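To keep things clear, I will list the structure first and then write my remarks on it.
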Amino acid sequence: MSAEGISERHGQVMEWLQNTLGETPCFEANETTLDILHAAMCKSSASNKRSMLLCADAKQRQIDYDKERTRLSLNLSSVGLSSGVVDKPSSMALESLASVANSIQLDDVHWASFHVGLSQVNQTVEENKMVSVEAQQQQDEMMVHIKQALVQVNSLKQLHGRLAGGAAAEAETTARSVQEVSFCSAKAQQY
């Protein structure tokens, strides 16, 4: 390695040692020592960057958790509870209540609001059931009418078949009668 490269690395290592330890220890400034100290400096810098990112992430999470704690404390105080009262099962129950409140679009978390909201949901469900029952009744009535129409169509087909068969038989009978009359006429003329 050139003298310039060693001098540059020596300066970087000296600065790192001064910043890290607060003082510069005495060491032999040769290529091997500088390689070892430079590698330690690079690893230390990478570790410092990772730890700074982890600290920044932890601070952001703390801010997010504090916001959530404040939000939950406000929700608890709105129903007359303090945050010290809530244990794990109570927390789960409150989470369920919050979920229900969001799903039925409540703006207020008082018990009366839940009662009114759930009553409205129940009324909507009952109305939907009634509409469903009415639709089923209409469908059943239509099926009865369709079956009656099919029976009438079949009756008309049978009647048409009989009339067509009767008309053919009558035409045949008429043709025979015409032949007999012609035959009789011809015989009558011969006599």
Side-chain angles (χ1 to χ4, degrees), residues 20 41-179:
T20 304
M41 178 185 74
C42 291
K43 287 181 183 178
S44 175
S45 295
S47 294
N48 284 345
K49 286 179 184 176
R50 281 194 305 273
S51 63
M52 288 174 67
L53 288 174
L54 287 172
C55 288
D57 183 53
K59 286 179 183 177
Q60 183 59 45
R61 287 182 186 210
Q62 179 187 2
I63 291 169
D64 293 343
Y65 290 148
D66 284 342
K67 286 179 183 177
E68 183 67 8
R69 181 188 51 80
T70 302
R71 185 186 70 80
L72 292 174
S73 293
L74 289 174
N75 286 346
L76 288 173
S77 66
S78 71
V79 293
L81 297 173
S82 69
S83 59
V85 179
V86 181
D87 57 358
K88 185 68 174 175
S90 300
S91 175
M92 296 297 285
L94 282 172
E95 189 175 319
S96 296
L97 279 174
S99 173
V100 169
N102 286 333
S103 66
I104 59 177
Q105 300 173 347
L106 291 182
D107 294 330
D108 186 8
V109 291
H110 289 10
W111 297 112
S113 298
F114 275 101
H115 180 69
V116 168
L118 290 174
S119 295
Q120 289 173 347
V121 168
N122 190 35
Q123 181 180 358
T124 303
V125 167
E126 291 300 321
E127 289 171 358
N128 288 341
K129 282 183 185 177
M130 290 178 61
V131 167
S132 176
V133 167
E134 289 174 4
Q136 185 64 42
Q137 288 174 345
Q138 288 176 349
Q139 186 179 9
D140 291 344
E141 288 176 16
M142 290 185 79
M143 286 304 292
V144 167
H145 290 300
I146 288 170
K147 287 179 182 177
Q148 289 174 350
L150 286 174
V151 167
Q152 290 176 353
V153 165
N154 286 334
S155 296
L156 288 174
K157 282 182 180 178
Q158 290 173 355
L159 181 60
H160 181 266
R162 279 186 273 162
L163 287 176
E170 192 174 313
E172 190 178 307
T173 306
T174 305
R176 277 191 211 145
S177 297
V178 167
Q179 284 177 351

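Not measured: the values here are computed from a predicted model. Side chains are part of it too, since the values below use all heavy atoms of this structure and drop only hydrogens, waters and symmetry mates.
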Go through the steps to decide whether L150 and I146 satisfy the test side chain to side chain contact (heavy atoms under 4.5 Å, CB included), and finish with yes or no.
CA-CA 6 Å; L150 286 174; I146 288 170; 4.2 Å; yes

Check each of K129, Q123, M130 against E127 using the side chain to side chain contact (heavy atoms under 4.5 Å, CB included) test, and report the only one that passes.
Q123

Separation between CD (E141) and CD (Q136), nearest 0.5 Å, reads 11.0 Å

Can you find a heavy atom in the side chain of Q148 that is under 4.5 Å from one in the side chain of V144?
yes

Answer yes or no: is there a donor N or O on one side and an acceptor on the other, between the side chain of S132 and the main chain of N128, under 3.5 Å?
no

Looking only at side-chain N and O atoms, does N154 offer a donor or acceptor that is under 3.5 Å from a partner on Q158?
no

What distance separates K43 NZ from S47 OG, expressed to the nearest 0.5 Å?
9.0 Å

CZ-OG distance between R50 and S45, expressed to the nearest 0.5 angstrom
10.5 Å

Full working for side chain to side chain contact (heavy atoms under 4.5 Å, CB included) between D66 and Q62
CA-CA 6 Å; D66 284 342; Q62 179 187 2; 3.8 Å; yes

CD1 of I63 to CZ of R61: how many Å apart, nearest 0.5 Å?
13.0 Å

